[in-house]
Structures are given as C-alpha cells and as structure tokens.
Amino acid sequence: MTASFSNLSLAEPLSRAVAEMGYESMTPIQAQAIPVVLTGKDVMGAAQTGTGKTAAFSLPLLQRLLKHENASTSPARHPVRALVLLPTRELADQVAQQVKLYAKYTNLRSAVVFGGMDMKPQTLELKRGVEVLVATPGRLLDHIEAKNAVLNQVEYVVLDEADRMLDIGFLPDLQRILSYLPKQRTTLLFSATFSPEIKRLASSYLNDPVTIEVARPNETASTVEQHFYSVNDDDKRRALRQIVRQRGLNQAFVFVNSKLGAARLARSLEREGMKTTALHGDKSQDERLKALEAFKKGEVDLLVATDVAARGLDIKDVPAVFNFDVPFNAEDYVHRVGRTGRAGASGLAVTFVSNSDGRLVADLEKLLKKKIELEAIEYEEDKPRGRINDGRRAWREAGELGDPRDVLDAPPPERERPARPQREFRSPAVSRDPFFDQPYQPPAADAAPAWESSTRAATSKISANIKPKRKVAALFKPEQA
DNA sequence: AAAAAAC
C-alpha cells in the first residue's frame, strides 16, 4: 500500500502545486520523512539518490512555514526562516527551482545564492526579503558579511548531501554559517552516504534526531547494472567507445578525477567524433550551466565531468555512467552511479579499473560490502599506436594486466631512470626585484621608462620560472623504454 | 593521487 500525497492534508496551495506536478504516491523517503519533518524534529535521513529527497524536506518545511507564524517581531516582513545548504552551485540551482515550484501558490518567497554569478541581483532579492534561502556556503558567507543576509531568525536548516557538507573541505565555512543561526532551531541532514565518522560528527549538530534509513546507506540502486573492467590507462578511450557502441547508448555521464583530465578527455572524444562536453570547476559558471543544459537537452551525448556533477543532479533518463577513473572516495562511487537508474529506471554503471587502482577498489569493496569481480574487455578495434614515453607505461604493457589488488602491497618494480642532474645552487649576489632591493640608480637620460624595464624584468622572471621546468622534463625522457 | 566552495 503506497501512501499518497492526498493523505497528508498539506495546505491547499501546496497540494495544488503537488497535484499540478503530477505527484500522487509518495516515494519511501517521502512517506517516512514528511510526517517527521512536520513534527518539527531534527532528522538524519539516509536515502538513495533519485528518490525524491528534495520534496521530502521542502514540502513539510513549507507547510510549517505556512502554519506557524514567525514568532518574532522583526521589522523585516520576510526574514529568512529556512536555510538550505548544498555543496555545488548546480545543485543549489536545481533545489531552488524545485522549491520555487512547490511554493508557487503560497506567499512564501525563496531565493538562491551561489558563487560565480553577479552579487547584485542576489543582493536585491535578499533585501526584498525571502523566507526560504537556498545557498552554497562561500557565497552565503559573502552575503552574511555584507549584511545582505540576516540569519538570526532561521528556524530550519537543511544540509543536503550532508556528509559532503561536513567533510573537512566544507566544515569551517559551515561552522561559521551555523554560528550566525539561532541555537533554537530544527536541523535536517540528508545524504545517500554516511560514513561512520561523519555520522558521529553529524549527530553533534542534531538535537534528539529521528533517524530515517529508507535503504541501507551507501548502497547503489538495485536497478543499475554494474560492471568493473580491467583496462589499461591507454585503452580506456577505445573501451569507452566500444561499450557505447555495443550497448547502443545514446547518452552517458563520464566521470574523471581531475579538472584537467576532464578537459582533455572531452577534447579527445570530441576529436574522435563524439558529441561531448566537459563540466568541471575550472569553467566559468556560465559555461558550467550551458554544458549541463546542453546535456539535458540531448545536444551532447557524453558529459565528461569531475565530481562536481557526482551528487544529486537530477537528469532524466541518463542510461549510463562511466567511471573513467575510479573515484578517490568510495562514497563518490555511490553518488556517481546514482546519476543513472533514477526514479526506478534501469541504468548501467561501468568502471574502468587500471593497474594502480588496487587500493581504491579495495576501499570500494569495503563500503559496498561486496566482492568486486573484475572483467576483461575484448577489443574490437586495434590498439591505437602510441609513443612509449614513460617507463611505467612500458612496464604496464609488458606485464599481463592482472587484478590490481594482487599488487596492493608489492611496490612497483624498480625502474632505471637517469640520475637527476644536480643543479647548482647559486645564491643571488643581488636580489632580483628591481624595485625594492636594489640600490637606486638614476636612469640614463636615454633609458626606457621605468615601467617598461620592470615589465621586462617581470617577463623574464616568468620565463625563467617556466623554462627550467621544460628542460627538466626533457632530461627525464628516457632514451628508450 | 583531487574536487568543491568566494572574490
């Protein structure tokens, strides 16, 4: 028996919006979380991604904002009463759009603030007053410090992707934000993954919380078919092409571990004739939103992304996810794979495991609590001819590609490398900064103006910094493999 | 071995 939204007795404006969106029965996380959030208690919620988490917290939150008058006598008619924090800009954007839809027929106002966009329009919206504020941490702090956002009347805080928000990279910002909020408030934490440490840390932010676990945490959807292939780093691209062709995939996410890697891979796939775009944090926000939009519209087939896109992004009907690189954090595997097989659809997740990934695969087995079977690929294409320019690559190619976990404790074989040429250390006789450290010399009457020579000095300084690097790289290139 | 979040 599935619970339905109509049994919830949501306020009329909310049920009207829900009906208009075509929602009828609730997903398990919604059925469990909504009644609890309606009581105003703290919640720690673990639910698989793609199961309607956003509605699970925003609908009851809006309901409470409607039902309970703001107790304070603030002059601001629309103080921020609910704050929703997310770890990426795209996610903040997406959640804010959903909240807007749910709140469409209410008088409640909402806004979203995140970095990479002009501060001014955001400031205007904040000054006008919003009850629900969706934000990424950095930009929110900017607005707090500029006194654009006043958070001393916040009644509800939601940390979506809570384990990421509590990890070391975000924690300082998060703590500063929380320090601006009233102690007396409701805190809601949601994520698909919770490591034991994060769980402990999280509970220190919660007051007598209700724990909701709809599925076992750290679990991928059962509708996703998962494969792990042993692939040489040099064969990954043709493996990708082959699987896309064999499976007749019309679209896929391709995850890599670095921004540079994403840019490079996207470029080479594009050159090989696949409609590809990249999404990573070195792109401008405009480019990021455009890349995502193009993928959503089906204008590109492959979205090569860093983990900026690993979490929460809700794109319908993505048939497959490739882990071109095994993710550094096992948790991120669960999130990446969660981009496919959403809302009960089927999906395919393919992970390329290269020889140096033994540790990561072992971590993954621990998190997923299951043995990972590595499969081999039979290539249909010939191997592209490539230069051997690296001793380690030669070693990889010489040996058979076995299970990388077998060499977990074995160091890679010693390889001969030319002795590093000792570079003389010369202590500078004079400091190289022309302005500050040199005794002043009156310029000759016909000398170039000072700014020109300092520009030259700066330029030569820069090239001095670049050139040796190139030389060193050339020196290390082995004569032959 | 990295990414994300502020200019």
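Please read all numbers here as calculations on a predicted model, not as lab measurements. In what follows, chains are A, B, ... by sequence order, proteins preceding strands, each numbered from 1.
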Checklist line | Residue pairs, two or more places apart or on separate chains, that pass side chain to side chain donor-acceptor pair (under 3.5 Å) and touch residues 292-304 of chain A | finding: none
Next item on the list: Find the distance Gln285(A):CD to dA5(B):P and express it as a whole number of Å.
Entry: 7 Å
Notebook entry, point to check: Which of these, Leu171(A), Leu174(A), Asp173(A), sits in a side-chain contact (heavy atoms from CB on, under 4.5 Å) with Pro137(A)?
Noted result: Asp173(A)
Margin query: Rounded to whole Å, please give me the gap between CG in Asp307(A) and C1' in dA1(B).
Written below: 13 Å
Check: Nearest of dA2(B), dA5(B), dA3(B) to any side-chain atom of Thr136(A)?
Finding: dA5(B)
Check: Is Asp332(A) salt-bridged to Arg311(A), going by a charged N under 4.0 Å from an acidic O?
Finding: yes
Check: Taking atom P of dA3(B) as reference, at what distance in whole Å does atom CG of Asp325(A) sit?
Finding: 11 Å
Note to self: I'd like to know whether CG of Asn152(A) has more than 12 heavy-atom contacts from other residues, nucleotides or ligands below 6.0 angstrom.
What the structure shows: yes
Margin query: With hydrogens left out and only the distance checked, is there a donor-acceptor pair under 3.5 Å joining Asn329(A)'s side chain and the base of dA3(B)?
Written below: no
Notebook entry, point to check: Atom NE2 of His280(A) and atom P of dA5(B): how far apart are they, to the nearest Å?
Noted result: 12 Å
Check: Within the pair Thr88(A) and dA5(B), is there a side-chain N or O less than 4.0 Å away from OP1 or OP2?
Finding: no
Next item on the list: For DNA chain B, find the residues of residues 256-269 of chain A with a heavy-atom distance under 4.0 Å and give them by number; none if there aren't any.
Entry: Asn257(A), Ser258(A), Lys259(A)
Margin query: From CG of Asp93(A) over to P of dA5(B), roughly how many Å is that when rounded to an integer?
Written below: 12 Å
Note to self: Is the phosphate of dA5(B) approached by Arg288(A) (side-chain N or O, under 4.0 Å from OP1 or OP2)?
What the structure shows: yes
Checklist line | Salt-bridge criterion met for Lys53(A) and Glu161(A) (N-O under 4.0 Å) | finding: yes
Margin query: I need the CZ-C1' distance between Phe324(A) and dA2(B), as an integer number of Å.
Written below: 17 Å
Notebook entry, point to check: Just checking Asp332(A): base, sugar-phosphate only, or nothing, at a heavy-atom cut-off of under 4.0 Å?
Noted result: nothing
Next item on the list: Using only side-chain N and O atoms of Arg89(A), determine if any of them is under 4.0 Å from OP1 or OP2 of dA5(B).
Entry: yes
Note to self: Within the 4.0 Å heavy-atom criterion, would you say Gly281(A) contacts the bases, only the backbone, or no part of the nucleic acid?
What the structure shows: sugar-phosphate
Checklist line | Atom pair distance, as rounded to whole Å: CZ in Phe255(A) and C1' in dA2(B) | finding: 14 Å
Notebook entry, point to check: Have Arg64(A) and Tyr156(A) got a donor and an acceptor in their side chains that come within less than 3.5 Å?
Noted result: yes
Check: Choosing from dA3(B), dA5(B), dA6(B), which nucleotide comes nearest the side chain of Phe114(A)?
Finding: dA6(B)
Margin query: According to side chain to side chain contact (heavy atoms under 4.5 Å, CB included), who are the partners of Ala262(A), at least two apart in sequence or on a separate chain?
Written below: Val256(A), His280(A), Val304(A), Thr306(A)
Notebook entry, point to check: Once you round it to whole Å, what is the distance between P of dA5(B) and CG of Leu166(A)?
Noted result: 17 Å
